[in-house]
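Written below as structure tokens is the structure these notes are about.
Below, read A as the first sequence line, B as the second, and so on, with proteins coming before strands; counting in each chain starts at 1.
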Amino acid sequence: MAPASVQAIWRVVSRIPRGHFVSYGEVARRAGMARRARLVGYALRKAPAELDLPWFRVTGANGRIAFPKGSTSHAEQLRRLRREGIRIERGRAVARPADLDALLWKP
DNA sequence: CGGGTGACAACGT
DNA sequence: AACGTTGCCACCC
């Protein structure tokens, strides 16, 4: 049984809408655990495949892809993000206008 | 118990 | 822009 904190992270990630992406730090905040970005990485690494989480919608700060360039995970993430219409520029995911609107509307 | 590691972030240089 | 530090914390020796 995974700790509640990890499950909270899984829940947040599962809710990231198609065509959007969220940074590790932001996922942590949304899960009520500010400053615990590393736990998000841990939680994703430990996530059972059966959950089928949209892990590729989680990026580093500012849309940066966390996996090392050249790794299969890196390529896989780019492929899946692009498949959802997210543009990648200079190794970072670019938010679409709709995402900016979402941010402006937030809390 | 102590130290190293890591799908990170924020800041400093 | 590219590193180095520090904060963070669960895990694994």
Side-chain angles (χ1 to χ4, degrees):
Chain A
M1 189 61 174
S5 55
V6 167
Q7 294 184 20
I9 288 166
W10 290 343
R11 187 169 54 77
V12 168
V13 171
S14 72
R15 297 230 267 270
I16 303 173
R18 218 171 87 270
H20 294 244
F21 59 89
V22 179
S23 72
Y24 292 88
E26 178 64 15
V27 168
R29 279 189 293 278
R30 288 195 197 181
M33 291 172 279
R35 273 172 262 100
R36 295 187 62 183
R38 302 196 74 135
L39 183 60
V40 176
Y42 168 77
L44 289 182
R45 182 160 52 81
K46 290 261 328 183
E50 306 83 68
L51 287 183
D52 198 35
L53 290 180
W55 57 269
F56 56 92
R57 295 181 188 141
V58 182
T59 72
N62 203 248
R64 183 173 266 84
I65 303 301
F67 295 108
K69 271 176 280 194
S71 66
T72 56
S73 294
H74 182 279
E76 169 90 1
Q77 183 165 21
L78 290 190
R79 197 167 45 90
R80 301 184 76 156
L81 286 176
R82 283 200 264 249
R83 189 189 304 174
E84 298 194 341
I86 295 173
R87 208 178 322 169
I88 311 293
E89 289 177 14
R90 301 193 232 32
R92 77 172 194 71
V94 182
R96 301 181 305 180
D99 296 328
L100 280 182
D101 291 343
L103 286 176
L104 294 176
W105 268 93
K106 260 213 169 151

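Between the CG atom in A/L81 and the CD1 atom in A/I65 there is a gap of 5.5 Å [rounded to 0.5 Å]. The OH atom of A/Y24 sits 11.5 Å away from atom CD1 of A/I9, with the distance rounded to the nearest 0.5 Å. How far CZ of A/R79 is from NE2 of A/H74: 13.0 Å, rounded to the nearest 0.5 Å.
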Listed pairs, N/O of protein and of nucleotides 6-12 of chain B, under 3.5 Å:
unit_1	atom_1	unit_2	atom_2	d
B/dG6	N9	A/R38	NH2	2.7
B/dG6	N7	A/R38	NH2	2.9
B/dG6	N3	A/R38	NH2	3.3
B/dA7	N3	A/Y24	OH	3.0
B/dC8	N3	A/R38	NH1	3.4
B/dC8	N4	A/R38	NH1	2.1
B/dA9	OP1	A/A61	N	2.9
B/dA9	OP2	A/A61	N	2.9

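For residues 43-67 of chain A, the set of pairs meeting the salt bridge (charged side-chain N to carboxylate O under 4.0 Å, His left out) definition, not counting sequence neighbours, comprises A/R57-A/E84. Within the structure, side chain to side chain donor-acceptor pair (under 3.5 Å) pairs that include any residue of residues 3-14 of chain A do not occur (at least two apart or interchain).
Heavy-atom distances under 4.0 Å link DNA chain B to no residue of residues 8-18 of chain A.
The side-chain hydrogen bond (donor to acceptor under 3.5 Å, both in side chains) check on A/R29 picks up A/E26, with sequence neighbours excluded. Applying the side-chain hydrogen bond (donor to acceptor under 3.5 Å, both in side chains) rule to A/R80 yields the partners A/E76; only residues at least two apart in sequence or on another chain are considered.
A 4.5 Å side-chain heavy-atom check between A/L51 and A/V13 finds every atom pair outside the cut-off.
Taking for each of A/R90 and A/P3 the nucleotide of DNA chain C with the nearest heavy atom, the 5'-most of the two is the partner of A/R90.
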